[in-house]
Every structure is written in structure tokens, then in C-alpha cells.
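One is the number of the first residue; the rest follow in order along the sequence. Predicted, not measured: the structure shown is a model, and the values here were computed from it. We count ligands from 1, going down the list as the structure has it; atoms in each ligand are counted the same way.
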Amino acid sequence: MRPYNFSAGPAVLPESVLRTAQQDMLDYNGTGFSVMEMSHRSDMFHSILYHAEQDLRQLLAIPSNYKVLFLQGGASAHFTQIALNFANGFKRIDSVVTGNWSGIAHSQMGKLSDVKVHLAAHGGDLYHYNDLPPASQWDISPDSAFVHYVINETVHGLQYRDIPQLGKDAPPVICDMSSEILSRRINVADFGVIYAGAQKNVGPSGATIVIIREDLLGRCSERVPNVWNYQKHIEKDGMYNTPATYPIYMAGLVFRWLQTQGGVAQMEKINTLKAQTLYDAIDGSGGFYRNPIQPQARSYMNVIFTTGDKTLDERFIEQAAVRGLMFLRGYPVLGGMRASIYNAMPLAGVEALVAFMAGFQRRYG
Ligand SMILES: *Cc1c(COP(=O)(O)O)cnc(C)c1O
């Protein structure tokens, strides 16, 4: 059996997807070539890209007035790119900071443009990152280009369990969904733009999903270099330059796997069970394990916890690894442990972790 991989990203992939990729490695579909060796302009790759997009549209029920792109640069590139494209002609962006990634996004969004990045709410100042500011606390202006937030903070283990709802007059919402896309049902129409790096919940690193409401593309200016210009990518059907062909192929395999699992609704059920199993173990440990986050803001994807003792945490991480429970070390600035339990982590993996936690507590509690 392979070890359980709790990495935050690049992260676990479904074993059946890896096996399919292995079978296809030397000879994709009778072509005699690996997907890696194919021209992105070939019919074979066109078909891979087309089906990946169609399957993603089906899984997320993406309305027809939204465009889908698989771009490069990771989510980090899009922190700035969204502003370059969608703040053109505006004076202000409203940015919600709720943890590590939205903090970085906030710092990068205004680069290369004159737009003011207004801090709409700061979850660190308000709640020490133990809770999330609800939309009613966001200071937003109807004249802003857009509101940006990160729905699941991968490092801080925070997630908007209730999707923030803004009024009709609010600017479009742009959301970084890197570490939760396809983990639960969402209403795409709540968002102007959704973007997500693939390597958390979708596939290998290298591809970034960008879903854009059509009317916003009118904002993309000719002044933005083509390779960073979403409208130019749309005009070329996602082929303005060479896309990350192999990561897109892998993402396509994951989308098909999700369909065979019963789609996003079924994932949501299993993910809820996995998260509850793990949080119950933490909360039921009599204080041996701790998670500081308010229940309504706890991430179902990245579960952070600590014993409160650095040496003991280190021992936990080492002993877990010996039992095949890998990559449980928390993000450097936070320390402690973090279990990332994305779609491809089976319930059995969480159960194995919970059993290990109980045994560890008996030995050291
Ligand atoms: C990992 C992550 C990023 C950064 O992704 P890169 O692909 O490294 O640019 C951004 N936002 C969130 C929420 C993430 O989890």
C-alpha cells in the first residue's frame, strides 16, 4: 500500500488516475506518443483540452456566459494579472485579507498599475486569524473594480463555510479557490472570476484554472501584454501560447475520476465526513490536540492542529511518517501540524491518522 499523503500541495492524486497516466505514458490512445510529446496544436491535444473543459463545466455547473481557461503562472501570477485586466479604468480594488495567501495577493495586486488596493477587512487584526470576517464586515464600495478574497486559506486552515453573499450593487467578486475548487458545491454565478492553481485539488502543478464571466473581458486593455491578457487567451481558445499540456491532461483525468465518484455533491459528503472525523478527534482529545479556529470557519481541506509543545509536535510528525502518514508538518510560520485532506485523500487515510493520534496521546498524554 502507498503511504497516505497529507501534503498541502502539490498534493495527493487518485491512485487510479496515476495508473491511467502510467498506462498512457508511452502510447496515448494508440497514437504511439506520450501526451508530453504532442503538439498543443494537434487534434489529439485539442480533444484533451476540449474534454477537460467540458467535464469541468459539467462538474461545477458553469453557466454558458462564463469562459474557462487553463493558464500558467500558478495562482500567484493571477494575483497581479486580475488587477491588470479587470481594474483597468477603475480607481479602487477591495481586498479582503484572511490569512497567508490573501495577504500575499493583497501585496501584489496593485503592482504595475495605479489602482488603489483598499483593505476591506483584515482577519488577523479582527480575529487573530481564528475566525473570518463575514461579508457584512467588509468595507466595500460599489465603484470598486472588484472584491477579492480567498475562500480557503491553505496555511491558516480557515474556510468560508458559508459562501459570502454581497448585495446586487456590489462589484464583481474575484475568488482564489486554489485549495478547495471541486471539493463542495458552489454557485459559479456568485462570482465574476474564479481562479485556482491545479496542484492542491485538481492535478500536478503547472496549470491554473481561470473561470471568467464574459462581460468582464471587455475590461481587458490592449496595453496589457498578450501573455497576461485574458481576452487574448480567450480569442485564441486558450492556445495563445503553449499551454501546460501534460498538467491539463492530468486534470482531465481527475475530472473524469470525479464524475465516476458521483461528482462534486458526493465529494462534498465525503469531505464533510473526513473533516468532522478529524475535528472530532481533536476536540475529543481533552485538550491534548488543539485547533484554535471557530467552528464555522474551520477548513474542511486543511486541518491545522498542535499539541502546544514544539518538541512533542516534532515527535508526532516523525512518528506519523514512520507509520506512512506523510507530510503532516505545518507551514513554517505557524508550526504545528497540518493535515490536508483534499478530494483524493480517502476516508481511510483520515481514519488511519485519527487512530495514530489516539495512540500517540496514550503514549505521551
Ligand atoms: C498554494 C496557493 C497559492 C499559490 O499557488 P502557486 O501555484 O504556488 O502560485 C495561492 N493561493 C492559495 C489559496 C493557495 O493554496
Side-chain angles (χ1 to χ4, degrees), residues 5-13 69-85 93 95-109 111 117 121-124 129 132-133 146-161 163-164 173-184 186 191 193-211 227-228 230 243-244 246-248 250-251 254 271 275 293 297-304 327-334 338-345:
N5 175 358
F6 293 95
S7 166
V12 55
L13 288 167
L69 290 169
F70 295 90
L71 299 178
Q72 302 200 41
S76 301
H78 297 274
F79 293 161
T80 311
Q81 237 171 293
I82 51 173
L84 284 179
N85 283 273
I93 291 168
S95 157
V96 181
V97 174
T98 52
N100 179 73
W101 288 113
S102 50
I104 296 173
H106 182 82
S107 75
Q108 298 303 306
M109 220 174 287
K111 296 206 171 173
V117 183
H122 196 286
Y129 295 129
L132 290 164
F146 57 80
V147 180
H148 179 268
Y149 77 100
V150 174
I151 198 162
N152 182 72
E153 282 285 0
T154 323
V155 170
H156 284 82
L158 290 155
Q159 185 176 37
Y160 277 101
R161 295 299 314 156
I163 313 264
V173 173
I174 299 189
C175 188
D176 177 353
M177 293 200 182
S178 293
S179 47
E180 76 142 80
I181 194 164
L182 295 161
S183 70
R184 58 170 165 169
I186 52 152
F191 303 91
V193 178
I194 292 167
Y195 64 101
Q199 72 272 23
K200 311 288 166 58
N201 213 14
V202 173
S205 59
T208 309
I209 295 167
V210 188
I211 303 169
V227 74
W228 298 328
Y230 297 115
Y246 199 76
I248 292 170
M250 288 293 290
V254 171
N271 287 331
I293 295 168
R298 281 174 161 183
S299 172
Y300 282 20
M301 293 280 101
N302 312 96
V303 178
I304 61 168
F327 308 125
L328 284 162
R329 190 182 304 282
Y331 197 76
V333 288
L334 287 192
R338 171 175 54 173
S340 296
I341 50 175
Y342 300 122
N343 284 345
M345 172 58 64

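Side-chain atoms of Glu153 and Thr98 form a donor-acceptor pair, as typed in the model, at a separation below 3.5 Å. Side-chain N/O atoms of Thr154 and Asn302 include no donor and acceptor closer than 3.5 Å.
Proximity of a side-chain donor or acceptor of His156 to a complementary backbone N or O of Asn100 within less than 3.5 Å is detected. Tyr195 places no side-chain N or O within 3.5 Å of a backbone atom of Ile174 that could act as its donor or acceptor partner.
Applying the side-chain hydrogen bond (donor to acceptor under 3.5 Å, both in side chains) rule to pairs touching residues 198-209 yields nothing, sequence neighbours excluded.
In this structure, Arg184 fails the cation-pi test against Tyr300, since its NZ or CZ atom is not both closer than 6.0 Å to the six-membered ring centre and inside 45 degrees of the ring normal.
Using a 4.0 Å heavy-atom criterion, the residues that approach ligand 1 are Gly74, Ala75, Ser76, Phe79, Trp101, Val150, Asn152, Thr154, Asp176, Ser178, Ser179, Gln199, Lys200.
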